[in-house]
Amino acid sequence: LIDHNFFESEWESLNPEYKQAYKNNNPNYIHWETDDITPPANYIARYGANFIPTYSLLIEARQLNALLLALSVGVIFLLGSVVGGPVIGLLTALLYGFNPLVISAGLHAYSEALFLLLFNLGLYLLITFFQQKKYSKMRIVILGIVFGLCFSTKLVGIMLLCFYVLFEFV
């Protein structure tokens with residue numbers, strides 16, 4: 001395991017909670033056997049991934065997703081307000097914020113939260129860009145950066161370019 005960079009090699013560098021649980025034979029932690037010589041993927045299949053406290057890991061991994069989805073709901077409110085007024089914006093934000101797909105995306109540490117924020121922000125910037133009579137270079141640069149980041153997060157982000165073409169020529 002140490003050769004595969006899967007486990008800490010120094011006992012002193014381990015988390016104090018892990019040391020205590022290891023000494024007490026806590027079943028939520030892995031106790032490595034000395035005769036295991038298989039690759040790290042087999043260790044996960046054999047023992048599971050409970051070698052650190054799962055609750056704290058889940059909280060830390062999902063805090064950023066919760067923040068990004070909250071920002072995404074705010075951007076949806078702005079988008080709805082621009083298109084149909086503040087009442088439509090509030091209704092859109094409520095429907096979007098309580099959508100089961102959005103909530104399930106926030107419960108997992110995936111890249112959907114970042115993608116949704118960037119996609120919604122790209123749509124908002126695109127609509128406000130075409131509503132203005134005078135185009136600024138800074139707005140074009142910001143729009144390009146958001147488009148690029150959205151496309152870098154997920155390949156489906158290329159749809160923003162389809163919206164751009166739609167707004168440009170319609």
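Given the structure is predicted, the values throughout are model-derived calculations rather than measurements.
- The two residues Ala113 and Asn65 have their closest heavy-atom pair at CB-OD1, 3.5 Å.
- A pairwise comparison of heavy atoms in Gly157 and Cys150 identifies CA-SG, 3.7 Å as the closest pair.
- Atom OG1 in Thr153 sits 9.0 Å away from atom CG in Leu117 (nearest 0.5 Å).
- Expressed to the nearest 0.5 Å, how far CG of Leu143 lies from OH of Tyr124 amounts to 12.5 Å.
- Counting all heavy atoms, side chain and backbone alike, Val102 lies closest to Leu69 at O-CD1, 3.5 Å.
- For the atom pair CG (Leu160) and CZ (Phe151), the distance works out to 11.0 Å, reported to the nearest 0.5 Å.
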Run Tyr164 and Phe129 through ring-ring contact (aromatic ring centres under 6.0 Å, His included) and show every step you take. CA-CA 10 Å; Tyr164 174 77; Phe129 177 76; 7.2 Å; no
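- With rounding to the nearest 0.5 angstrom, the CG atom of Leu114 is 8.0 Å from the CG atom of Leu64.
- Under the 4.5 Å side-chain criterion, counting only non-hydrogen atoms from C-beta, Val165 is not in contact with Leu161.
- Summarising the geometry of Thr92 relative to Ile88, their closest heavy-atom pair is OG1-O, 2.6 Å, with the distance given to 0.1 Å.
- Taking every heavy atom of both residues into account, Val146 and Leu118 meet most closely at CG1-O, 3.5 Å.
- Atoms CG and CG, on Leu116 and Leu71 in that order, are 12.0 Å from each other to the nearest 0.5 Å.
- Counting heavy atoms of neighbouring residues, nucleotides and ligands inside a 6.0 Å radius, atom CG of Leu155 does not exceed 12 of them.
- If you take CD1 on Ile76 and CZ on Phe119, they are separated by 9.5 Å, rounding to the nearest 0.5 Å.
- Counting all heavy atoms, side chain and backbone alike, Pro86 lies closest to Ser81 at CA-OG, 3.8 Å.
- Gln131 is linked by a side-chain hydrogen bond (donor to acceptor under 3.5 Å, both in side chains) to nothing, counting only residues two or more places apart in sequence or in another chain.
- Between Phe130 and Tyr135, some side-chain heavy-atom pair lies under the 4.5 Å cut-off.
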All N/O donor-acceptor pairs, side-chain side in residues 93-101, below 3.5 Å, sequence neighbours left out:
residue	atom	partner	partner atom	Å
Tyr96	OH	Ser72	OG	2.9
Tyr96	OH	Asn120	ND2	3.1
Asn99	OD1	Leu101	N	3.0

